[in-house]
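A short write-up of the structure that comes next.
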Amino acid sequence: MKLYSLKNISKKVKFLEAVKLGLCEKQGLFFPKKLPYFKKKEIKKILKMNFFEKSYKILNSFIGKEIPKKILKKIIKKSFGITFPKIKKIEKNISCLELFHGPTLAFKDFGARFMSQIIYFLKKKNKNKVTILTATSGDTGAAVANAFYKMKNINVVILYPKGKISKIQEKMFCTLGKNIKTISVNGSFDECQKLVKKAFNDKKLKKNIGLNSGNSINISRLLAQICYYFEAFSLLEKKNRKNLIISVPCGNFGNITAGLIAKSIGLPIKNFIASTNSNDTVPRFLKYNKWKPKKTISTISNAMDISVPNNWDRIIELFNQNKWNIKDPKYLKFGKVSEKQTKKSIKKLYKLKYISEPHAAVAYNVLKKEIKNGEYGLFLGTAHPLKFKSTIEKIIPVKIKLSKNVKKQKNIKSFSFSIDPKFSLLKKFLI
Ligand SMILES: *Cc1c(COP(=O)(O)O)cnc(C)c1O
């Protein structure tokens, strides 16, 4: 597969090169020049396969001969072997697609684990230094740290907005040590993301420390996420597959980009809904046709507190390639959910005997507004409720039990460096 940079269409690279580079010059994101396509008959066959076979078929259609069959199969087993998607029925025509059963209890395990395996594969061929630099709004940190933990000669540096992620989220990556370094930044996630992008613009630095990114700007994370949309589809009863709409809680818009790619390559999903919290740059853009990011607002769905979503350019490109109109609700609907409404949805789901954390509740809220007769709705459960224990316990009368692993981590002292959001400070740390 050839990919091009969205900032320079003539700059084309192969998949492994795109993974290695992460981001192209002028902060251009990589995107496939031409997406694969599966005909109806092939889709039918794929849907009958198990999760590993399915994922192989899909990923191979993007990656091709760049990774030998046997190795790609092994990579897939290692990446997805402990993180299976599950479907929980909530109402007659609504289910939750739970993607949080992996080691760090968020959907980001899928992408991060696949990416780490690909980087490790590349590393074996090339002995240069590798530094994974990642900004996290909450869950990426843990997923990336866990995926790369103890990998030889690979250093991981994670930036996060100080005081803006949950205690448990922080414990999950700031207590590991070894090859995992963490930095709390006095600022918002968008400022962390900006620092990462600046580091990528510094050619000399990039080369010296073998810089790569663990964020969803890396194409490998995105491709991995396509697989669970196919798996979700085959987990549904046949009658519920016909008019399927999927509501995705969006922050950087990586998850929904993967879903829209799944649709583009032939998975017959009727419609996607981009659901956001008060950080609603995209809903406002779709409504008023003006791209006007505002200052990031802190909410209880903190992993979505992003006002400049990285992957939006990829969605625009995808729509252009497909000749779909971004304003046509036939493909993409949207909705913004206030804090009050999010809490209301958590209460409503509790009445339906389902304990939900704030991100899934945002997606559920918009799904309920948009779903029509004859449609079946999925909303994505992106994190395990226990990661948001204290938030949830203030909203509904439950006591959420911590798992053994989380309890253990909670008792370890976390350690992070702390900096102001200045590139010179980050650079000093990296060197
Ligand atoms: C990262 C994250 C999101 C947002 O996903 P994007 O791919 O960045 O849009 C939503 N929910 C949770 C729990 C997350 O960790």
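Hydrogens, waters and symmetry mates are skipped; everything else that's a heavy atom, side chains included, is used. As the structure lists them, so they are numbered: ligands from 1, and atoms in each ligand from 1.
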Should [X] be counted as touching ligand 1, given the test is an N or O pair under 3.5 Å?
X    : answer
A106 : no
I306 : no
S137 : no
N255 : yes
A303 : no

| query | Does ligand 1 have any atom sitting under 4.0 Å from a heavy atom of P249? | reply | yes
| query | Looking at ligand 1, does F100 have a heavy atom less than 4.0 Å from it? | reply |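 In this structure, F100 fails to qualify as a contact of ligand 1 - no heavy atom is under 4.0 Å.
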| Out of H359, K108, M304, whose heavy atom is nearest to atom 2 (C) of ligand 1? | K108
| message | Given L222, N252, N311, N302, identify the one with the heavy atom nearest to atom 8 (O) of ligand 1. | response | N252
| task | Is it possible for you to check whether K330 lies under 6.0 Å from the centre of the six-membered ring of W324, through NZ or CZ, and within 45° of that ring's axis? | result |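 Verdict for W324: no cation-pi partner in K330.
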| Contact partition for E357 relative to ligand 1, non-hydrogen atoms under 4.0 Å |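 It is neither part, as no heavy atom is under 4.0 Å.
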| Do K368 and E91 meet the salt-bridge criterion of a basic N to acidic O distance under 4.0 Å? | yes
